Amino acid sequence: MSDTAVYIAGVGMTPFGDFRTNSLAQLARPAIEAALKDAGIESSELQVAYMGNAAGAVICGQTCIPGQVVLRSMGIGRIPVINIENACATSATALQQAYSLMSRGAYDIALVCGYEKLYHDDKLRTFSVFSGAIDVAAEEEIIDGLIARNRTIDHPLDTEGAGKTRSLFIDIYATWAREHMYRYGTTREQIAAVSAKNSKHGALNPLSQFKNTLSIDDVLSAKSIVDPLTLPMCAPIGDGAAALVLVSERVRKRLDSSRCIRVLDSALTSGWDVAEGETPIVEQAATEIYNTTGVDPQDLSCIELHDASAISEICYYEYLGLCGYGKGGELVESGATSLGGRIPVNTSGGLMRKGHPIGATGAAQLVELTMQLRGEAGDRQVQNARLALAENGGGYLGKDVAALVLTILSKD
C-alpha cells in the first residue's frame, strides 16, 4: 500500500467499437474531457500525464509521441508526458506507474489515459498487432509447443492460419480450454456460461460494443473459431478510450470526497518461465497484493478481469482465489459471478462484450469499478460495493502472461 493516499477523482470513457475513421486524438479527447469534468479539475491543473497506447504505430503510423499528439490537440503541454506500451496491460500499467509516483508524493494531480485504434481495412495489419505480443523470433517454437501440449491430451490442434488469418492467442486460449476440460472435467456448457453471463451484463452497459443477450445454446451454436471456442467466447477488437484523473489526499479535500475512490494498491509484474508444478503467475501476484492490502478475496464486492476468452475468466477465478482449482466452471454455472451473485465478475460485460481496444482495456476496467464503488453503475449496480479488484494481463511468453497488473480499489 502507498505511503501517501491516492484517489481516483474522475473517470471518462467512450463507447468501444469500429471507429476506424477517427484519429487517436479524436478517440482520446472525449474520454479525457469527461474525466476532467467528472473530477472537477481543470486541464491546467494537471501535473503529469501517463498515456497508454499499444497499436497506434502499426494501425495509423503514429510512433514515438502519441501522448503528446493527443494532449497538444487539447491545448495541454509543458507537463511531463509518459508514453506507455505494455500489450493488453498498457493502460493498467499507466495507472500503476502514476500511482507509484503519487504515493511517494511526486505529484498531486495526474491524468491516466488508455486509447486505441485496432480496426483497419487491412485485417492482416490488425492481426500483426497481436502477433507482436509474443516473442516473434520464436513463433514457430510457440506453435510447436501448443501442438505438443494438445498431443499430450490426445486432442490434435490444427494451427493452420494461426497468427495469419486469426490471432495466435485464439490457439493459446483453445489450448487452455482443452487442458482445463481434460484435467477437471470442465464442460463446453460451463465455458459458454461465461459468455452468456457477460452478454447479460453488457446489455446493461450503454458503452458496450455488443448489447444483445445470448443464451448458453446461442454461444454453443455460434461459429466455431478453434474448437472448443466459438465466436462469442472470444473478445472482439475495438477502438476507443478510457481516462482517469488521480489526486492526492491534499487535493481530495477540496473535491467531493464522497466520489473519490482510493487506490489501495496497484502492482505490476512480468512473467517468467514457470517451472512444472510452480504456482501460476497470476496466483502469485494475487497472493502478494492480498497480503499487501490486507484484503481477502472473499472481501471483494466485484471484479473486472481479463476475459480475452471465456476460458480465461474461468482460469482467473481460480488464480484469484475465488474458488479452488478445477472449480471455475462450477462457479460460473452456480450464478455466483453474475449480478446478484456472491462475487459479480465483469459487470461491464467484460472484454467479450464491452470490447477490447487493447491500449484502453485496463483503464476501462477501472472506470467500471470506480462507478460501482460510487454507486453510479445504474442497472448493473452491485449492492453495497466497497472493495473491487481489476486484473489486466497482456502478451504471452513461455506458458503464461508477459505483463500483469492487479489493482485493488476501496470506497473508504
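Note that the structure is a prediction, hence the values are computed from the model and not measured.
Between Ala192 and Val219, the shortest heavy-atom distance links the atoms CB-CG1, 3.7 Å. Minimum heavy-atom separation, Leu331 to Ser334: O-OG, 2.7 Å. Minimum heavy-atom separation, Leu320 to Pro297: O-CB, 3.6 Å. Contact detail for Ala87 and Gly394: the closest heavy-atom pair is CB-C, 3.7 Å. Contact record, Ala242 with Ala364: CB-N, 3.6 Å, taken as the closest heavy-atom pair. Residues Leu229 and Ile170 approach most closely at CD1-O, 4.0 Å, considering heavy atoms.
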Exercise. Test side-chain contact (heavy atoms from CB on, under 4.5 Å) on Leu264 and Leu387 and set out the steps.
Key: CA-CA 9 Å; Leu264 281 187; Leu387 282 170; 3.9 Å; yes

Self-check item: Leu36 and Leu46: CA distance, side-chain angles, deciding distance, side-chain contact (heavy atoms from CB on, under 4.5 Å) verdict
Solution: CA-CA 9 Å; Leu36 289 167; Leu46 292 173; 4.0 Å; yes

Quiz item: What do the steps show when you test Tyr317 against Thr337 for side-chain hydrogen bond (donor to acceptor under 3.5 Å, both in side chains), and what is the final call?
Solution: CA-CA 9 Å; Tyr317 290 164; Thr337 58; 3.0 Å; yes

Practice problem: Test side-chain contact (heavy atoms from CB on, under 4.5 Å) on Glu288 and Leu406 and set out the steps. | Solution: CA-CA 10 Å; Glu288 289 176 11; Leu406 295 177; over 6 Å; no

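For the pair Lys197 (side chain) and Val345 (backbone), a donor-acceptor distance under 3.5 Å is present. Panel note: side chain His201, backbone Asn346; a donor-acceptor pair is recorded below 3.5 Å. Remark: the backbone N or O of Asp412 is not paired with any side-chain donor or acceptor of Arg262 at under 3.5 angstrom. Put simply, the side chain of Thr14 never gets that close to the backbone of Ala31: no donor and acceptor are under 3.5 Å apart. Listed for the Ser91 side chain is no donor-acceptor partner under 3.5 Å among the backbone atoms of Gly114. Formation of a donor-acceptor pair under 3.5 Å by the Arg342 side chain with backbone atoms of Gly335 is not found in this model. For Tyr319 (side chain) and Thr279 (main-chain N/O), no donor-acceptor pair under 3.5 Å exists by modelled atom type. The closest donor-acceptor contact from the side chain of Ser23 to the backbone of Gln26 lies under 3.5 Å. Judged purely by atom type and a 3.5 angstrom limit, Thr187 uses its side chain to pair as donor or acceptor with the backbone of Gln190. Here the side chain of Asp108 pairs no donor or acceptor atom with the backbone of Ser248 at under 3.5 angstrom.
When only modelled atom types and interatomic distance are considered, Ser195 and Asn198 share no side-chain donor-acceptor pair under 3.5 Å. A donor atom on one side chain and an acceptor atom on the other are not found under 3.5 Å apart for Ser215 and Asp217. A donor and an acceptor atom, one from each side chain of Glu304 and Asn392, are nowhere located under 3.5 Å apart. For the residue pair Gln381 / Gln372, a side-chain donor-acceptor distance below 3.5 Å is found, with atom types taken as modelled. Using modelled atom types and a 3.5 Å distance limit, the side chains of Tyr325 and Glu283 yield a donor-acceptor pair. No hydrogens or angles considered: nothing links the side chains of His120 and Thr126 as a donor-acceptor pair under 3.5 Å. Side-chain contact annotation: Thr4 with Glu249, donor-acceptor N/O pair under 3.5 Å absent. Side chain to side chain, Thr175 and Asn150 meet the donor-acceptor criterion of an N or O pair below 3.5 Å. Between the side chains of Glu278 and Trp272, at least one donor-acceptor pair of N or O atoms lies under 3.5 Å. Inspection of the Asn53 and Glu116 side chains reveals an N or O donor paired with an N or O acceptor under 3.5 Å. For the residue pair Gln96 / Ser100, a side-chain donor-acceptor distance below 3.5 Å is found, with atom types taken as modelled.
The 12-atom threshold is exceeded at CG of Asp296, counting heavy atoms of other residues, nucleotides or ligands nearer than 6.0 Å. Atom NZ of Lys123 has 12 or fewer heavy atoms from other residues, nucleotides or ligands within 6.0 Å. Applying the 6.0 Å contact sphere to CD of Glu141 captures no more than 12 heavy atoms from other residues, nucleotides or ligands. Other residues, nucleotides and ligands contribute only 12 or fewer heavy atoms inside 6.0 Å of the NZ atom of Lys200. When the shell of 6.0 Å around CD of Gln298 is examined, it contains more than 12 heavy atoms from other residues, nucleotides or ligands.
Between Thr361 and Pro357, some side-chain heavy-atom pair lies under the 4.5 Å cut-off. The side-chain heavy atoms of Arg380 and Leu339, taken from C-beta on, include a pair separated by under 4.5 Å. Residues Tyr396 and Ile142 meet the side-chain proximity criterion, which asks for heavy atoms closer than 4.5 Å. In this structure, the side chains of Thr347 and Leu369 stay at 4.5 Å or more apart for every pair of heavy atoms. The closest side-chain heavy-atom distance from Val48 to Leu111 is not below 4.5 Å. Val226 has its side chain within reach of Leu157: a pair of non-hydrogen atoms, C-beta onward, lies under 4.5 Å apart. Counting only heavy atoms from C-beta outward, the side chains of Met233 and Val194 never approach each other to under 4.5 Å. At least one side-chain heavy atom of Leu146 sits under 4.5 Å from a side-chain heavy atom of Leu168.
For the side chain to side chain donor-acceptor pair (under 3.5 Å) test, residues two or more places apart in sequence or in another chain that qualify with Ser309 are Ser312.
Residue Met13 holds its CE atom at 14.5 Å from CD1 of Ile32, rounded to the nearest 0.5 Å. Here the straight-line distance linking atom OG1 of Thr407 with atom CG of Asp265 works out to 8.0 Å at 0.5 Å rounding. Put simply, SG on Cys60 and CG on Leu27 are 9.0 Å apart, with the number rounded to the nearest 0.5 Å. Atom-to-atom distance recorded for Leu95:CG and Leu409:CG is 7.5 Å, nearest 0.5 angstrom. Rounding to the nearest 0.5 Å gives a distance of 6.5 Å between OG1 of Thr269 and CG of Leu404. Atom CD1 of Ile237 sits about 13.0 Å away from atom SG of Cys234, to the nearest 0.5 Å.
Using a cutoff of 4.0 Å between basic side-chain nitrogens and carboxylate oxygens, Asp38 and Arg374 are scored as salt-bridged. The pair Arg386-Asp299 does not meet the salt-bridge criterion, since no charged nitrogen lies less than 4.0 angstrom from a carboxylate oxygen. Salt bridge Glu33/Arg29: present, at least one basic N to carboxylate O contact under 4.0 Å. Ion pair Lys354/Glu368 not flagged as a salt bridge, since none of the NZ, NE, NH1 or NH2 atoms sits closer than 4.0 Å to an Asp/Glu carboxylate oxygen. Residues Glu318 and Lys327 are not paired through a salt bridge, judged by the lack of any N-O separation under 4.0 Å between the basic side chain and the carboxylate.
The only member of Asp239, Asp121, Asp122 that meets salt bridge (charged side-chain N to carboxylate O under 4.0 Å, His left out) when paired with Arg20 is Asp121.
Between Tyr173 and Phe169, the ring-plane angle classifies as tilted under the 30° and 60° cut-offs.
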